[in-house]
Number of protein chains: 2
Amino acid sequence: MMVQKIRETMNGLRGRRIHHVCFVSCGGSSALMYPCKYYLDREAGNLASDVYNSNEFIHRNPANVNENTVVILCSQEGRTPETVEACRFARKKGAVTVSLAMVEGSPLEAETEFFIRYGHYETSDPINTSYGVMYLLGAALVELTGNASPLDKMSENLIALAKVTERTKFRAEQDSLAFAKSCKDDGVIYALGAGPDYSQCYVFCNCYLMEMQWINAIPIHAGEFFHGPFEIIEKNSPVVLLLGLGATRPIEERARRFCEKYTDRIFLLDAAHYDFEGVDANHQGYLAPLVFNAVLRRYSKAIAEERDHPLDTRRYMHIVAY
Amino acid sequence: MMVQKIRETMNGLRGRRIHHVCFVSCGGSSALMYPCKYYLDREAGNLASDVYNSNEFIHRNPANVNENTVVILCSQEGRTPETVEACRFARKKGAVTVSLAMVEGSPLEAETEFFIRYGHYETSDPINTSYGVMYLLGAALVELTGNASPLDKMSENLIALAKVTERTKFRAEQDSLAFAKSCKDDGVIYALGAGPDYSQCYVFCNCYLMEMQWINAIPIHAGEFFHGPFEIIEKNSPVVLLLGLGATRPIEERARRFCEKYTDRIFLLDAAHYDFEGVDANHQGYLAPLVFNAVLRRYSKAIAEERDHPLDTRRYMHIVAY
């Protein structure tokens, strides 16, 4: 059971006085850590945390990374060179390293102090995916550094989430087809969200649209939207807007009110439309990004089919040297 | 003298045990704080720091903001509603608030514990601008929380920077015209940078291009570039690429090598081409963003003239309710 594995990992940290967490990864593996930072920000009063791209982490070389720091890293195949290097670098600085990958025996596993293997999102329950492991680690870190014990609750809620994701499928299918038909020829697509949901704007734009579809896409924080980017919005601007269930939903609601006035093309993912039965109310906001992720994967599949541009087409990644 | 004002402010903090800084603002006023976080990350081993959009800060409500936290806020006119509210919110949580504005007697000044007035970038020396004040605050925080005393050195280097910025004008003028002529009809422009320089990609895209020119523009971290966004690059993709002088330059160099191969349209701002005489080598990387900012303002002026779209044209900001 994944929760047992996480508990074992945390037991390994018991002797250390941890007061700083660094989330260090690249691209989609980095974005899946944002919701965990959000969770720690709200639940861990004794912890500071940072999110860095792996190469940024190495070169920036933060002075406050030391034996009181946990560095959490993730790489699907465990062989992203910058992330492997960042792990080695973090250990040299005395930090505890906890790394995630989908496979065993990778270079990342060879460098890290603690290793957790996660399952593929298509074949695993949410709790066993990279996102699930991150939430469990978050809850475990709250236990390690404070007086609360949220790990079992988090585990229960993640188990319940499997059915939520399952129940979104029909609606997601319908919505994704509408999105794909409408946006297949757009020159640029905007994605807005706040709090933990912003992570999904980032993944959707950078990975699913820019990388996998060669469509220009701009992830915009729904609060920052009003301090520059919103001036670009016209009647036909396509906006994918995430409405989560957490404390930052009012920021997204404000963006929604604006967009409803000034563009006719909002593609709304409202987590309030999903059936979260079985998930505690105070966990729904934290876990919504995982559901958004499943839904947005459908959006990317639909637009890929509509455009006849398979999601695994690349011109540079793992093809040329860079 | 600005350095004296900063010293007075810091004296007001002497009694507090500060170990956390939150940079809380919106848009361009937020982006100007990223280089200060970068500086603290490298120089302040006893400090944690976070950057939040003002509304995100309020709703996220980080649990580790308390009487040991300094919250730094900035709003040009001191009346950005979210930032004023964030200041009030931070004080209620017991944090020390230090706010910056260009005018006196604003709502932000009324809410904040400490206030610093800065000068307009067009009529003030770098040290007296919002960027200058942020660097001084950074150095003062290092003094407050550690054993080093970098404030006077920082002040000297900021004074020397006036001439650097002055000396970039001729080159910036030439380069900006080339950029403007080439990019005036582009559907989307990319801006790449790492470390403290990324702040200038953010401002350039979100404020100077999206807000002031209604041109789609995507700020991309030069390290994240290789984990998704780079797949969009084609022979005619316009890329504004910043090459700074700090520890993160190798990340930008890598992006440069890639872009030189796969697009014919790189607009390179290489700080190594600017004459930094008078600025200590170990400060050049920290301060380069301030010089990039002056140069990129020229770029925005040039493209505004080329497109006959004045920089102060708005359709929503301060015009409609939102």
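For clarity, every value in this text was computed on a predicted model and none was experimentally measured. Heavy atoms only: backbone and side chains are in, while hydrogens, waters and symmetry mates are out. Each chain gets a letter, A, B and so on, in the order the sequences are listed, and its residues count up from 1.
Within the 4.5 angstrom heavy-atom criterion, atoms from both the backbone and the side chain of Ala194(B) approach chain A. With a 4.5 angstrom heavy-atom cutoff, His221(B) touches chain A only via side-chain atoms. If you measure heavy-atom distances from Thr69(A) to chain B, you find no contacts under 4.5 Å at all. For Phe57(B), no part sits under 4.5 Å from any heavy atom of chain A, backbone or side chain. Residue contact with chain A, scored on non-hydrogen atoms closer than 4.5 Å, is absent for Ile58(B). Heavy atoms of Ala217(B) lying under 4.5 Å from chain A belong exclusively to its backbone. Residue Gln213(B): no heavy atom, backbone or side chain, is found under 4.5 Å from chain A. With a 4.5 Å cut-off on non-hydrogen atoms, Arg254(A) touches chain B through its side chain but not through its backbone. For a residue to count as touching a neighbouring chain, one of its non-hydrogen atoms must lie under 4.5 Å from one of that chain's; by this rule Tyr190(B) touches chain A with the side chain only. Only the backbone of Ile215(A) comes within less than 4.5 Å of a heavy atom of chain B; no side-chain atom from C-beta onward does. There is no contact between Ser54(B) and chain A, counting heavy-atom distances below 4.5 Å.
Using bins of under 30°, 30° to 60° and over 60° for the plane-to-plane angle, the ring pair Tyr198(A)/Tyr202(A) lands in the tilted bin. Using cut-offs of 30° and 60° on the angle between ring planes, the pair Phe204(A) and Tyr208(A) is perpendicular.
In terms of heavy-atom pairs under 4.5 Å with chain A, the best-connected choice from Asp41(B), Asn61(B), Thr313(B), Thr80(B) is Asp41(B). Ranking Asn216(B), Thr248(B), Ile218(B) against chain A, the residue ahead of the rest is Asn216(B), based on heavy-atom pairs under 4.5 Å. In terms of non-hydrogen atom pairs under 4.5 Å with chain A, the most contact-rich of Pro62(B), Gly195(B), Gly187(B) is Gly195(B). Ranked by heavy-atom pairs shorter than 4.5 Å toward chain B, the options Tyr316(A), Tyr322(A), Tyr262(A), Trp214(A) are led by Tyr316(A). By number of non-hydrogen pairs under 4.5 angstrom with chain A, the leading residue of Glu224(B), Glu231(B), Glu211(B), Met317(B) is Glu231(B). The greatest number of non-hydrogen atom pairs below 4.5 Å with chain A, out of His227(B), Met210(B), Lys261(B), is found for His227(B). Heavy-atom pairs under 4.5 Å with chain B were tallied for Pro229(A), Ala48(A), Pro219(A), Cys205(A); the largest tally goes to Pro229(A). Options Asn46(B), Asn66(B), Val320(B), Ile220(B) differ in how many heavy-atom pairs under 4.5 Å they form with chain A, and the most are formed by Val320(B). Ranked by heavy-atom pairs under 4.5 Å with chain B, the first of Asn64(A), Asn55(A), Asn53(A) is Asn53(A).
In terms of heavy atoms, Val65(A) sits closest to His20(A) at CG2-CE1, 4.2 Å.
The shortest side-chain heavy-atom distance between Leu141(A) and Leu47(A) falls under the 4.5 Å cut-off. Ile233(A) has its side chain out of reach of Arg315(B): every pair of non-hydrogen atoms, C-beta onward, lies at least 4.5 Å apart.
Proximity of the aromatic rings of Tyr38(B) and Tyr34(B) is defined here by a centroid distance below 6.0 angstrom, and this criterion is not met. Aromatic ring centres of Phe258(B) and Phe225(B): separated by under 6.0 Å. When ring centroids are compared, Tyr52(B) and Phe23(B) stay outside the 6.0 Å threshold.
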Residue pair Arg60(B), Asp50(B): steps toward the salt bridge (charged side-chain N to carboxylate O under 4.0 Å, His left out) verdict: CA-CA 12 Å; Arg60(B) 180 178 288 232; Asp50(B) 279 301; over 6 Å; no

Trace of the salt bridge (charged side-chain N to carboxylate O under 4.0 Å, His left out) decision for Arg249(B) with Glu252(B): CA-CA 5 Å; Arg249(B) 183 176 171 109; Glu252(B) 297 162 334; 6.0 Å; no

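Remark: Asn236(A) CG is packed, more than 12 non-hydrogen atoms of other residues, nucleotides or ligands lying under 6.0 Å away.
With Thr263(A) contributing its side chain and Lys235(A) its backbone, the two residues share a donor-acceptor pair below 3.5 Å.
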